[in-house]
Number of protein chains: 2
Amino acid sequence: MASKKVYFFGGGKAEGSGAMKDILGGKGAGLAEMTKLGMPVPPGFTVSTEVCGLYCKNRGKLPADVKREIAANLAKLERTIGRKLGDPKNPLLVSVRSGARVSMPGMMNTILNLGLNDRSVEGLAGRSGNPRFAYDSYRRFLMMFSEVVLGLSRGRFEDLLDAKKRERGVADDVLLSADDMKELCRQFKALVRQLLKREFPQDPVSQLEMARDAVFRSWNNDRAKYYRRAHGIPGDTGTAATVQAMVFGNMGNDSAAGVGFTRNPSTGAKELYGEYLVNAQGEDVAAGVRTPHPIRDMKKEFPKVFDRLVRIAGKLESRFRDVQDFEFTVENNTLYLLQTRPGKRTAAAAVKIAVDMVKEKLIAREVALCRLEPRRIDHLLHPVIDPKGKYEVIARGLPASPGAATGAAVLHADRAVEWAAEGKDVILVRKETGPDDIHGMDAARGILTVKGGITSHAAVVARQMGKTCIAGCEAIGVDEVMRRFTVGGRVLREGDSLSLNGATGEVILGKAPLTAPRPDGSFGTFMSWADAVRRLSVRANADTPKDARWARESGAEGIGLCRTEHMFFAEDRLPVMREMILARTVEEREAALQKLLPMQREDFKGLYREMKGYPVTIRLLDPPLNEFLPGRDDLRVEVTKLELIHADRSIVEEKRVLLQRVEELHESNPMLGLRGCRLGICHPEITKMQVRAIFEAASEVMREGIRVQPEIMVPLVSMRSEMAAQKEIIVAVAEETMKRYKRMVPYAVGTMIELPRAALTADEIARDAEFFSFGTNDLTQTTYGFSRDDSGKFLRYYRNRSELCPRCGLKLGKDLSCEACGVTYPKPPGNILDADVFATLDQEGVGQLIRTGIRKGRAIRPNLEVGICGEHGGDPESVAFCHRSGLDYVSCSPCKVPVARLAAAQAVLREKAGAKDKTK
Amino acid sequence: MASKKVYFFGGGKAEGSGAMKDILGGKGAGLAEMTKLGMPVPPGFTVSTEVCGLYCKNRGKLPADVKREIAANLAKLERTIGRKLGDPKNPLLVSVRSGARVSMPGMMNTILNLGLNDRSVEGLAGRSGNPRFAYDSYRRFLMMFSEVVLGLSRGRFEDLLDAKKRERGVADDVLLSADDMKELCRQFKALVRQLLKREFPQDPVSQLEMARDAVFRSWNNDRAKYYRRAHGIPGDTGTAATVQAMVFGNMGNDSAAGVGFTRNPSTGAKELYGEYLVNAQGEDVAAGVRTPHPIRDMKKEFPKVFDRLVRIAGKLESRFRDVQDFEFTVENNTLYLLQTRPGKRTAAAAVKIAVDMVKEKLIAREVALCRLEPRRIDHLLHPVIDPKGKYEVIARGLPASPGAATGAAVLHADRAVEWAAEGKDVILVRKETGPDDIHGMDAARGILTVKGGITSHAAVVARQMGKTCIAGCEAIGVDEVMRRFTVGGRVLREGDSLSLNGATGEVILGKAPLTAPRPDGSFGTFMSWADAVRRLSVRANADTPKDARWARESGAEGIGLCRTEHMFFAEDRLPVMREMILARTVEEREAALQKLLPMQREDFKGLYREMKGYPVTIRLLDPPLNEFLPGRDDLRVEVTKLELIHADRSIVEEKRVLLQRVEELHESNPMLGLRGCRLGICHPEITKMQVRAIFEAASEVMREGIRVQPEIMVPLVSMRSEMAAQKEIIVAVAEETMKRYKRMVPYAVGTMIELPRAALTADEIARDAEFFSFGTNDLTQTTYGFSRDDSGKFLRYYRNRSELCPRCGLKLGKDLSCEACGVTYPKPPGNILDADVFATLDQEGVGQLIRTGIRKGRAIRPNLEVGICGEHGGDPESVAFCHRSGLDYVSCSPCKVPVARLAAAQAVLREKAGAKDKTK
């Protein structure tokens with residue numbers, strides 16, 4: 001442990017630097033670096049993240065030496081500024097902010113204007129000659145401290161402020177007078193007294209200690225933990241606390257507070273982007289209390305400041321080599337920078353910026369490729385509102401995050417979560433959003449706010465989440481209590497359908513027409529770089545020519561899984577399929593199969609034509625046959641009814657015969673029953689028909705001059721003997737068909753590895769199988785013993801247990817209390833599972849089987865082709881695992897193909913970085 | 001490969017020896033050894049098993065050098081005897097017999113009197129001065145050769161014989177005259193001509209070659225393969241063929257043929273046992289054509305021969321150190337031995353003989369312990385007919401194999417198999433049995449034959465199979481065509497119920513009262529030797545005090561699995577259990593659990609009292625809750641009915657509410673759903689109730705001065721976090737309860753390892769689990785993806801595919817033809833599976849997981865206790881695997897405990913033998 005715990009910055013010098021995010025947090029490190037770069041940063045000091053750890057470990061107490069070190073730095077700050085904390089005449093005011101290694105917007109708590117009390121506020125008024133400013137600052141401090149440190153609800157304070165505005169007949173708090181502010185301060189203090197039965201703390205040193213502790217405590221508050229869990233950030237690092245001398249944007253009309261981005265975080269355009277408020281403090285901008293002005297307006301209002309901002313933006317980018325999101329304050333026409341951090345951006349912006357920065361030689365391609373989380377590519381591919389479509393625009397706001405969203409309007413985050421859990425699409429409509437709304441934003445398709453600008457909480461979070469967002473749509477009036485909102489004269493109720501156009505800021509009534517997005521040229525460049533880097537091949541799961549085309553357009557290099565059964569669910573085929581299943585004799589069954597053969601052949605021809613020589617992996621019939629039949633329960637009820645109403649005997653008899661066959665095929669656990677290769681072994685005629693269709697289609701398409709490369713995949717193999725038995729049939733039919741057509745079709749016969757035993761005995765199976773494809777959906781099912789169809793309920797509990805009452809299962813309050821049971825728990829129970837194992841591969845268990853399977857398979861057949869199909873093939877972490885494990889390809893839904901391509905490239909880069917680290 | 005392929009014996013010398021079973025087969029080796037021991041063995045030579053391999057490989061042709069070697073030995077035999085094969089005056093007659101390494105009674109084909117033809121039969125008549133004998137020998141030869149070599153049905157020949165006997169008005173063929181025999185020979189030859197359109201082969205050298213080849217071919221006939229598969233004998237060793245000079249038991253009344261056992265194979269008593277027929281050939285005895293006389297009668301009829309037999313029996317035992325089953329022939333008062341082999345015996349006899357031979361210092365204890373296949377212990381424990389019970393004896397036969405059997409009489413082997421497959425108990429009633437009846441005998445509970453004695457085919461096979469058998473019950477007349485049989489005046493039909501008392505030979509009408517068997521003292525001695533040798537501990541699966549008592553009486557050293565759910569299926573508990581499941585609130589659920597608590601507590605007290613300090617492993621609630629509720633389908637039908645008949649609304653409503661809850665709990669694959677520890681995690685109150693019951697019961701029983709040792713087992717764990725979550729609750733409740741009772745209960749908390757992931761991550765799980773118990777039923781299910789409930793159908797096909805038509809699935813004929821499809825297959829498809837993986841552990845796949853689990857578990861917790869529960873714990877091969885894998889114990893049904901004890905001992909002995917082999 002470093003003995004140094006507190007780092008000073010100010011006057012062009014800093015004890016820390018931009019590289020020390022782990023110790024200083026992002027905020028502290030940014031301030032240190034900007035100070036060193038000679039930028040106008042108010043002085044201050046950062047208490048390191050280590051201290052947060054000590055604080056938590058010592059149950060809220062700090063060691064004496066740490067306290068001494070903090071006191072020494074405070075004294076140094078007082079000397080630098082020439083003011084003293086709590087000095088009634090000329091008080092030093094400070095901000096206290098938290099800052100973890102990774103930026104978590106809105107997650108941590110900030111306190112401004114600390115150091116004010118009933119006496120020093122007078123000193124500030126005197127010194128600034130601006131009593132309104134002094135009391136405005138004091139009421140802000142009272143409000144923030146009460147909320148963040150004392151734990152009181154912000155709403156009660158806002159109510160008082162609103163009442164005052166109503167009383168004075170003004171819409172904006174800048175129009176309140178000094179006396180109004182003074183009166184508000186009195187009211188705020190009275191409110192604290194009333195709620196806590198004690199006075200608001202007047203001693204500035206206590207204020208500072210309490211604020212510092214609140215910062216440390218905030219590391220483990222609910223929303224911080226939620227954010228960390230949602231973003232996979234470890235919980236053991238802690239937050240730093242930065243104490244900084246205040247500068248004031250609320251000193252009058254020559255003062256302002258603002259937020260800037262070095263490039264446009266919505267589109268990626270290279271332009272200074274952001275917004276500001278005159279005579280305001282920073283919190284006003286982010287919280288969306290007033291709707292701010294675009295930053296370009298500063299060119300007129302604060303021309304010199306604007307010029308300096310442009311220069312500083314350039315300097316920040318060339319120093320940090322990434323888009324920066326910075327906060328600034330203008331105090332009496334003087335610019336101060338209060339924070340810089342990597343700017344959160346939409347996926348589209350991320351791609352454009354990454355590609356542009358490579359062109360500008362700011363970063364290398366490898367760095368560019370790591371600038372986008374692969375799963376965010378999804379956002380680029382979300383449909384957008386069709387500009388040629390017809391729709392009714394009922395309001396316009398700021399286009400804060402692009403895309404399109406349609407859903408039922410919901411006015412509260414909790415309800416958004418509830419409705420979404422019921423499967424509804426929802427649009428979260430809020431006056432403004434704050435950290436308490438994050439779970440609702442996560443559940444919503446889009447976010448619409450009345451207040452706040454393009455850098456407001458709602459906007460920043462929505463862009464990061466890839467959700468469509470329209471902010472500052474002031475035409476809307478929200479009535480949370482009555483669960484309705486007005487737009488112009490129109491009254492809409494919760495549940496009414498809305499659409500948002502995030503590209504234009506249009507709020508649309510009802511469901512707007514959608515169209516496919518057209519990513520700009522940067523995307524193609526970006527993906528081509530990814531393709532050049534990755535080693536893993538990427539295929540798609542596609543069952544129809546349409547899907548196959550989509551797969552190719554998405555960059556798939558083959559079909560990794562064609563589920564032939566999907567072809568039989570079509571309306572015109574299901575009856576023939578049923579005929580086949582209900583057949584009593586081989587002859588009947590073969591007759592039905594004869595009808596299916598030409599249908600299958602056409603299916604395969606379509607696939608081959610689309611794939612133009614890329615491999616097409618065709619899985620033989622897999623699901624239990626009863627999936628093609630009516631449900632046993634329904635049929636039983638139907639027969640019972642028909643019997644009771646004395647229906648025509650022939651009808652009853654027909655249904656009875658069907659029921660009897662359904663009963664025969666009924667299985668208690670169809671997932672573990674007669675399916676997969678067991679079908680093809682017990683009914684070889686099915687395999688024969690499918691293989692015949694595969695080779696007839698191949699031969700006919702080859703005649704058209706198109707190359708084909710079928711790979712025939714035997715499902716659900718658990719033993720070599722199963723593979724061998726199916727392979728024997730496949731090869732025999734293949735040879736016979738090729739002979740008949742006088743064509744050699746290049747083909748391979750392999751198997752899904754989707755049962756633990758197949759992985760464990762892969763050496764045996766590889767003697768017959770020419771390729772493996774890990775079917776991780778089923779493999780996860782059997783390795784865990786979790787049925788995908790049934791485990792939802794308990795797996796949801798497994799993943800959320802830490803938020804639920806162990807007694808009744810209801811959601812716990814923030815203080816870990818259960819309202820229903822009236823119990824408060826000392827600690828939450830841990831979650832049983834952190835991730836959805838059906839979405840992200842369980843590397844420890846299932847992954848172990850995959851590695852065993854590969855090792856054993858290649859021991860027998862060194863050039864065995866190995867892939868993975870199933871949901872995990874489109875999950876970035878799982879793709880990285882596949883890369884590390886030496887697979888040849890991943891196969892996923894066409895929509896996930898670009899995600900997999902990027903994830904595969906990043907896996908290579910991360911491996912290289914790891915190797916470099918080791919050689920160091 | 002040894003260059004020598006043919007081994008001569010005769011005149012007190014032999015080229016082979018008793019140790020050369022692999023090369024000479026059991027028969028050839030026995031003859032060589034007896035020759036060396038100076039016993040009266042007719043000379044001959046053995047063509048080695050290797051030649052059979054060459055024959056099969058060369059598609060029915062023998063290399064020239066082998067042919068030359070055979071010819072040379074034949075010449076030597078002719079010189080030794082002084083007669084020539086085919087000599088019309090003084091012909092050499094030989095027998096040709098097959099003999100594999102392991103004795104397979106009735107499996108291989110024997111031909112006697114080879115060398116006879118239309119001319120040499122006259123020579124034989126002249127030389128012996130006994131034309132009847134000569135033609136009797138010839139008609140026998142014609143019949144056997146036609147059946148075995150030419151593949152004609154024996155029945156047609158027997159019909160002619162029977163017709164002749166009817167014509168002459170005699171019951172026994174010995175009463176037919178020389179002319180009758182001569183006429184029969186003519187008829188037999190005419191029959192061959194009619195059926196084959198060619199003459200019966202007259203050239204003795206061709207006869208010999210054809211017979212030799214038939215022996216080799218018989219290695220791969222259906223019944224041989226069936227026997228090998230049923231007994232786990234590899235198919236790649238082949239059979240030898242022994243050609244031996246004939247001696248004749250059918251030379252007149254001073255001649256005889258018989259079979260002897262050196263001890264009683266039914267009871268194990270030390271006495272010369274067996275039977276013989278005067279003026280007969282050996283085949284007559286085994287085939288049960290006439291019912292023979294007990295061997296003790298020879299004392300009068302052939303006193304010198306009898307004395308010599310007694311001496312020879314003693315010599316055989318001291319040479320072979322095991323019970324011998326030998327064939328002999330008396331030709332004109334001169335004794336000849338034709339075969340010796342280890343005598344098949346009942347399990348009871350095996351134990352008694354093994355123990356007696358140790359006392360007689362013939363064998364060591366270790367050898368004795370290996371003289372009984374562990375699974376045959378079952379036979380010892382089958383119930384027997386209660387001698388004190390009332391029942392009606394309708395006939396008496398020879399007590400050929402002990403025990404008791406009750407079932408429906410069936411007159412054909414195929415129907416026995418069919419009826420048994422439908423779940424019926426059957427008694428196979430046959431005139432006599434032969435190799436074609438084996439599958440029927442296997443399917444039957446007991447066998448009753450009209451003809452044949454205590455060494456007949458029926459008797460020998462039944463004893464080996466552990467089936468009750470009564471032979472030679474001549475009071476019964478079987479009418480196969482009409483499917484009925486008569487006993488005295490009574491007519492019984494197929495399907496009528498019969499009981500057999502194998503100890504007394506009583507045939508009983510209807511179902512006789514049964515009682516538990518009382519194994520004699522040898523059994524106790526034998527098992528105590530096993531216990532002294534084994535390292536594995538043996539526990540039992542027991543859910544009730546009654547089962548626990550049975551377990552202790554069977555020698556179990558604890559309960560390895562108490563399935564607590566079984567306690568809830570009792571009639572008085574199921575309603576309370578349903579209350580618990582249907583509870584809507586925690587309060588309701590806890591109220592129902594409060595009612596279950598005292599019931600569970602009493603259950604556990606009963607178990608602890610029985611086990612008196614031995615460990616009691618209690619598994620927490622495991623099955624899906626819907627197992628306790630009525631079926632969804634039935635309920636739906638019921639509600640539909642009630643609605644349609646406009647039943648009382650309150651009744652409909654009640655059922656509807658129940659249905660709704662059942663629907664909520666419904667799962668597509670309950671085996672992979674909400675069960676096992678998932679229940680206890682989602683509903684901790686259930687775990688709490690069970691643990692409270694465990695510790696309250698323990699505390700209360702300890703008060704009685706009885707030691708207790710509960711081991712609490714968490715089911716279906718797939719992740720450490722599940723184990724940890726349940727352990728936390730268990731420990732908390734345990735501590736609380738022990739505090740309340742002021743008693744320290746020694747206990748352990750562990751888990752079932754029954755999911756692949758648990759085995760793969762056993763190191764993690766062992767951090768919390770203090771013991772492992774491999775639940776191999778479930779582990780097999782998920783490793784293979786086979787549902788126990790559903791896989792029966794296709795697994796049956798997997799195991800019998802080689803006998804089924806690949807096209808229609810019907811059973812193939814012996815010639816691999818399918819009657820239904822009219823196709824004959826060149827080779828049968830291989831089976832997919834050889835064994836029932838739910839009965840015998842799959843060592844390759846599931847076993848791999850077990851070994852991984854043990855290795856990883858012990859790496860973290862070196863003295864981790866590891867056991868196995870489930871069906872495999874009572875399977876000898878699986879027990880041997882458990883021993884080799886280092887498990888601490890196996891747990892199985894109480895009835896299997898003695899099997900497991902012996903299997904565990906044999907595993908140690910086999911390991912020692914292996915180690916000895918290695919040090920050699």
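Predicted, not measured: the structure shown is a model, and the values here were computed from it. Just so it is clear: chains get the letters A, B, ... in the order the sequence lines come, proteins before strands, and each one is counted from 1. Just the heavy atoms: all of them, side chains too, but no hydrogens, waters or symmetry mates, feed the values below.
Applying the salt bridge (Lys or Arg N to Asp or Glu O under 4.0 Å) test to every pair with at least one member in residues 658-676 of chain A, sequence neighbours left out, gives these pairs: A:Arg584-A:Glu664, A:Asp622-A:Arg675, A:Arg632-A:Glu663, A:Arg636-A:Glu663, A:Arg661-A:Glu664, A:Arg675-A:Asp778.
The neighbour count for B:Lys641 NZ, taken as heavy atoms of other residues, nucleotides or ligands under 6.0 Å away, does not exceed 12.
Ranked by heavy-atom pairs under 4.5 Å with chain B, the list A:Thr640, A:Leu644, A:Ile832 is led by A:Ile832. Contact count against chain B (heavy-atom pairs under 4.5 Å) is highest for A:Asp842 among A:Asp842, A:Leu849, A:Ile645. Most heavy-atom pairs under 4.5 Å with chain A, from the set B:Ser721, B:Ala758, B:Ala724, B:Ser668: that is B:Ser668. The most heavy-atom pairs under 4.5 Å with chain A, out of B:Arg788, B:Arg757, B:Arg589, B:His666, come from B:Arg757. The candidate from A:Leu795, A:Asp789, A:Thr783 with the greatest count of non-hydrogen atom pairs under 4.5 Å with chain B is A:Thr783. Ranked by heavy-atom pairs under 4.5 Å with chain B, the list A:Gly785, A:Gly673, A:Gly845, A:Ser718 is led by A:Gly785.
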Requested in this report: Determine, stepwise, if the pair A:Leu672 / B:Leu672 fulfils side chain to side chain contact (heavy atoms under 4.5 Å, CB included).
Outcome: CA-CA 9 Å; A:Leu672 306 176; B:Leu672 307 176; 4.2 Å; yes
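We find the CG-CZ distance between A:Leu716 and B:Phe786 to be 8.5 Å, quoted to the nearest 0.5 Å. Going from atom CG of B:Leu755 over to atom OG1 of A:Thr782 covers 9.5 Å, rounded to the nearest 0.5 Å.
Judged as a salt bridge (charged side-chain N to carboxylate O under 4.0 Å, His left out), and not counting sequence neighbours, the contacts of A:Lys727 are A:Glu770.
With a 4.5 Å cut-off on non-hydrogen atoms, B:Met671 touches chain A through its backbone and its side chain both. Contact annotation for B:Glu638: neither backbone nor side-chain heavy atoms come within less than 4.5 Å of a heavy atom of chain A.
When side chains are defined from C-beta on, A:Tyr798 counts as touching B:Ile681, because their heavy atoms get closer than 4.5 Å. Residues A:Leu674 and B:Phe794 are in side-chain contact: their nearest non-hydrogen atoms beyond the backbone lie under 4.5 Å apart. At a threshold of 4.5 Å between non-hydrogen side-chain atoms, the residues B:Leu833 and A:Met719 count as touching. Using a 4.5 Å heavy-atom threshold, the side chains of B:Tyr797 and A:Arg678 count as separate. Side chains of B:Glu764 and A:Glu844 form a contact here, defined as non-hydrogen atoms less than 4.5 Å apart.
Contact record, A:Pro756 with B:Pro756: CG-CG, 3.5 Å, taken as the closest heavy-atom pair.
The main-chain N or O of B:Asn669 is found under 3.5 Å from a side-chain atom of A:Asp790 such that the two form a donor-acceptor pair.
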